[in-house]
Number of protein chains: 2
Amino acid sequence: MSLNIDQIIKKSQEACVLAGVKLTTKRKNVLIVLLSSIRPLSAYEIFERYKDQFNESLPVMSIYRMLDFLIREKFVHKLETANQYIACAHITCDHQHETPQFLICDNCHVVKEVGIKRNIMAKLEQSIQSTGFTLSHQQLELHGICEHCQNKPK
Amino acid sequence: MSLNIDQIIKKSQEACVLAGVKLTTKRKNVLIVLLSSIRPLSAYEIFERYKDQFNESLPVMSIYRMLDFLIREKFVHKLETANQYIACAHITCDHQHETPQFLICDNCHVVKEVGIKRNIMAKLEQSIQSTGFTLSHQQLELHGICEHCQNKPK
DNA sequence: ATATGTTATGTTACAACATAACATTTATAG
DNA sequence: CTATAAATGTTATGTTGTAACATAACATAT
Ligand SMILES: [Zn+2]
Ligand SMILES: [Zn+2]
Ligand SMILES: [Zn+2]
Ligand SMILES: [Zn+2]
């Protein structure tokens with residue numbers, strides 16, 4: 001477990017104490033699996049990697065429940081357009097989590113989580129409100145090609 | 001088949017002729033199923049409704065292929081966050097199809113398709129381009145509560 | 001009219017993603 | 001030490017989607 005992951009886990013532990021919930025060993029390990037991956041993973045891929053990384057086979061059902069927990073506590077996001085899960089890129093940031101915006105490369109499948117600029121989001125919200133609709137679960141998922149893949153010969 | 005649906009089908013036929021592709025009876029019927037629904041439908045729901053509406057049981061796999069066709073020709077959109085399909089709200093419009101933005105009610109599941117305002121989309125694109133990422137498949141799916149559901153006692 | 005190619009549709013099997021229902025274990029408050 | 005709730009395990013099943021291959025329908029060339 002890299003130093004960086006170590007720090008993120010520590011931060012998560014603290015956040016859980018504050019929230020009055022428990023980051024059990026298995027929940028923590030699922031989070032470590034996600035933090036160790038450069039790509040988002042499906043629940044079944046997490047299942048496989050958990051086995052490899054921790055020499056222990058967790059039921060897929062339990063993976064889903066632990067993901068539910070981690071998502072509820074905002075340590076993990078679900079990419080709805082890909083049916084995959086990814087660790088939040090801002091666990092160690094102290095500022096409030098902004099509306100996340102995911103740039104998903106359809107070629108190499110890397111995902112970059114960027115906070116959507118406040119003024120753009122405000123405009124978007126405003127334009128939506130005028131239709132009478134109220135947003136929730138705010139999250140944008142945008143598909144395209146990452147810088148790396150663009151500069152690469154096919 | 002309502003008058004309005006009739007008109008949309010006619011327009012679709014014309015568009016197919018122009019594009020040099022064929023809107024076969026079954027493809028047309030799948031489109032009619034979607035046009036007849038106030039909600040987006042899953043492929044399996046389309047399968048059920050097709051049976052009911054046309055007294056004919058189409059293989060689910062064929063449904064998927066007809067959806068592929070209808071999506072390719074821009075008569076239908078897939079809601080990636082819901083794994084559901086919905087007829088485009090602008091088939092009869094003559095203007096170019098803008099980046100579609102779907103407002104999805106998590107309570108009653110109605111979906112409103114609105115064109116995202118050009119200047120907002122431009123800002124968004126610009127902010128994304130600065131990260132080196134190039135967008136494709138542009139489509140926004142936003143979840144929330146529709147006007148109707150907000151004004152309704154739970 | 002026959003052969004050939006092309007597109008559309010059907011069939012079977014299975015992969016991938018997810019939840020329901022209920023049992024058991026573990027933590028912890030009284 | 002129990003009573004209770006929370007976490008995890010187990011089994012079964014539901015939902016969404018694709019791969020691989022076969023056949024049908026239609027168009028075009030011989
Ligand atoms: Zn995040
Ligand atoms: Zn890439
Ligand atoms: Zn549309
Ligand atoms: Zn609603």
Side-chain angles (χ1 to χ4, degrees), chain A residues 12-13 16-17 19-31 33-34 37 39-51 54-73 75-86 104 106 109 137 141 143, chain B residues 12-13 16-17 19-31 33-34 39-51 54-73 75-86 104 106 109 137 141:
Chain A
S12 307
Q13 290 276 22
C16 281
V17 170
V21 296
K22 268 166 282 186
L23 189 65
T24 64
T25 303
K26 291 173 185 182
R27 285 169 173 174
K28 188 185 70 185
N29 289 349
V30 168
L31 182 52
V33 167
L34 284 174
S37 172
R39 297 194 297 98
L41 301 173
S42 77
Y44 286 75
E45 286 170 332
I46 295 169
F47 166 77
E48 292 297 337
R49 297 205 180 188
Y50 193 104
K51 253 194 323 205
F54 299 102
N55 271 309
E56 186 190 0
S57 186
L58 229 53
V60 176
M61 198 48 251
S62 296
I63 302 273
Y64 275 109
R65 278 190 292 225
M66 287 154 197
L67 286 171
D68 284 346
F69 171 86
L70 295 170
I71 290 168
R72 211 181 314 128
E73 300 305 322
F75 302 138
V76 167
H77 299 290
K78 175 174 186 183
L79 299 178
E80 299 284 351
T81 58
N83 294 316
Q84 289 177 324
Y85 304 85
I86 188 172
I104 303 167
D106 289 329
H109 308 292
H137 317 343
E141 300 181 24
H143 288 255
Chain B
S12 307
Q13 291 276 22
C16 282
V17 170
V21 295
K22 267 167 280 186
L23 189 66
T24 65
T25 305
K26 291 173 187 185
R27 287 168 172 176
K28 188 184 71 186
N29 289 349
V30 167
L31 181 53
V33 167
L34 282 174
R39 299 195 294 100
L41 300 173
S42 77
Y44 286 77
E45 286 170 333
I46 294 168
F47 167 78
E48 292 297 336
R49 296 205 183 188
Y50 193 103
K51 253 194 325 204
F54 299 103
N55 271 309
E56 185 190 1
S57 186
L58 231 49
V60 176
M61 301 315 136
S62 295
I63 304 272
Y64 275 110
R65 279 189 291 225
M66 287 154 196
L67 286 171
D68 284 346
F69 172 86
L70 295 170
I71 290 168
R72 210 180 315 129
E73 300 305 322
F75 302 139
V76 168
H77 299 289
K78 176 174 185 182
L79 300 178
E80 298 285 352
T81 58
N83 294 316
Q84 288 178 324
Y85 305 86
I86 188 171
I104 303 167
D106 289 328
H109 309 291
H137 317 344
E141 301 181 23

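Predicted, not measured: the structure shown is a model, and the values here were computed from it. Order of the sequence lines fixes the chain letters, A, B, ..., with proteins taken first and strands second; residue numbering starts at 1 for each chain.
Within the 4.5 Å cutoff, side-chain heavy atoms of V21(B) are placed close to those of F69(B). Counting heavy atoms from C-beta on, the side chains of V76(B) and V30(B) never come closer than 4.5 Å.
Base-pairing analysis of DNA chain D finds the following stems of at least three consecutive Watson-Crick or G-U pairs, with both pairing distances under 3.5 Å: C:1-30 with D:1-30.
Residues that satisfy the side chain to side chain contact (heavy atoms under 4.5 Å, CB included) test with D68(A), not counting sequence neighbours, are R72(A). K22(B) meets the salt bridge (Lys or Arg N to Asp or Glu O under 4.0 Å) test with no other residue; sequence neighbours excluded. Here Y85(A) pairs with nothing under the side chain to side chain donor-acceptor pair (under 3.5 Å) rule; sequence neighbours left out. Applying the side chain to side chain donor-acceptor pair (under 3.5 Å) test to N83(B) and every residue at least two apart in sequence or in another chain returns nothing. In this view, E141(A) and T81(A), Q139(A) satisfy the side chain to side chain donor-acceptor pair (under 3.5 Å) rule, not counting sequence neighbours. With sequence neighbours left out, S62(A) forms a side chain to side chain donor-acceptor pair (under 3.5 Å) with no residue at all. For F54(B), the side chain to side chain contact (heavy atoms under 4.5 Å, CB included) partners are N29(B), I32(B), V33(B), Y50(B), not counting sequence neighbours. Among residues two or more places apart in sequence or in another chain, the salt bridge (Lys or Arg N to Asp or Glu O under 4.0 Å) test is passed with E45(B) by R39(B).
Among the protein residues, Y85(B) comes within range of the sugar-phosphate backbone only, with heavy atoms under 4.0 Å from sugar or phosphate atoms but none that close to a base.
Ring-to-base geometry places Y44(A) in a stacked arrangement with dC17(C) (centre distance under 5.5 Å, plane angle under 30°).
Put simply, N83(A) has no side-chain N or O that comes within less than 4.0 Å of OP1 or OP2 on dT16(D). In terms of phosphate contacts, S42(B) brings a side-chain nitrogen or oxygen within less than 4.0 Å of OP1 or OP2 of dT16(D).
Following rounding to the nearest Å, E45(A) (CD) and dC17(C) (P) show an atom-to-atom distance of 7 Å. Atoms CZ (F47(B)) and P (dG10(C)) sit 11 Å apart, rounded to a whole Å. One can place CG of D68(A) at 11 Å from P of dA18(C), the figure rounded to the nearest angstrom. For F54(B) and dT9(C), the CZ to P distance is 14 Å, given to the nearest whole Å. Atom CD of E48(A) is separated from atom P of dA15(C) by 13 Å (rounded to the nearest Å). Between the C1' atom of dT9(C) and the CG atom of L23(B) lies a distance of 15 Å, rounded to the nearest Å. One atom, CG of N29(A), and another, P of dA7(D), lie 16 Å apart when rounded to the nearest Å. Between the CD1 atom of I63(B) and the C1' atom of dG17(D) there is a distance of 14 Å, given to the nearest Å.
Looking at every heavy atom in both residues, S12(B) comes nearest to L23(B) through CB-CD2, 4.1 Å. Counting all heavy atoms, side chain and backbone alike, L34(B) lies closest to I46(B) at CD2-CD1, 3.9 Å.
One distance of note links NZ of K51(A) with CD of E56(A); it measures 12.0 Å at 0.5 Å rounding.
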S42(B) vs F47(B), side-chain contact (heavy atoms from CB on, under 4.5 Å): CA-CA, chis, key distance, verdict: CA-CA 9 Å; S42(B) 77; F47(B) 167 78; over 6 Å; no
Give me, pair by pair, the N or O atoms of the protein and of nucleotides 8-10 of chain D that are less than 3.5 Å apart, along with how far apart they are.
{"residue": "dT8(D)", "atom": "OP1", "partner": "T24(A)", "partner atom": "OG1", "Å": "2.7"}
{"residue": "dT8(D)", "atom": "OP2", "partner": "R27(A)", "partner atom": "NE", "Å": "3.3"}
{"residue": "dT8(D)", "atom": "O3'", "partner": "K26(A)", "partner atom": "NZ", "Å": "3.4"}
{"residue": "dG9(D)", "atom": "OP1", "partner": "K26(A)", "partner atom": "NZ", "Å": "2.7"}
{"residue": "dG9(D)", "atom": "OP2", "partner": "S62(A)", "partner atom": "OG", "Å": "2.9"}
{"residue": "dG9(D)", "atom": "N7", "partner": "R65(A)", "partner atom": "NH2", "Å": "2.4"}
{"residue": "dG9(D)", "atom": "O6", "partner": "R65(A)", "partner atom": "NH1", "Å": "2.8"}
{"residue": "dG9(D)", "atom": "O6", "partner": "R65(A)", "partner atom": "NH2", "Å": "3.4"}

Table of protein N/O atoms under 3.5 Å from nucleotides 23-29 of chain D N/O atoms:
none

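Near DNA chain D, meaning a heavy atom under 4.0 Å away, the residues from residues 75-82 of chain B are K78(B).
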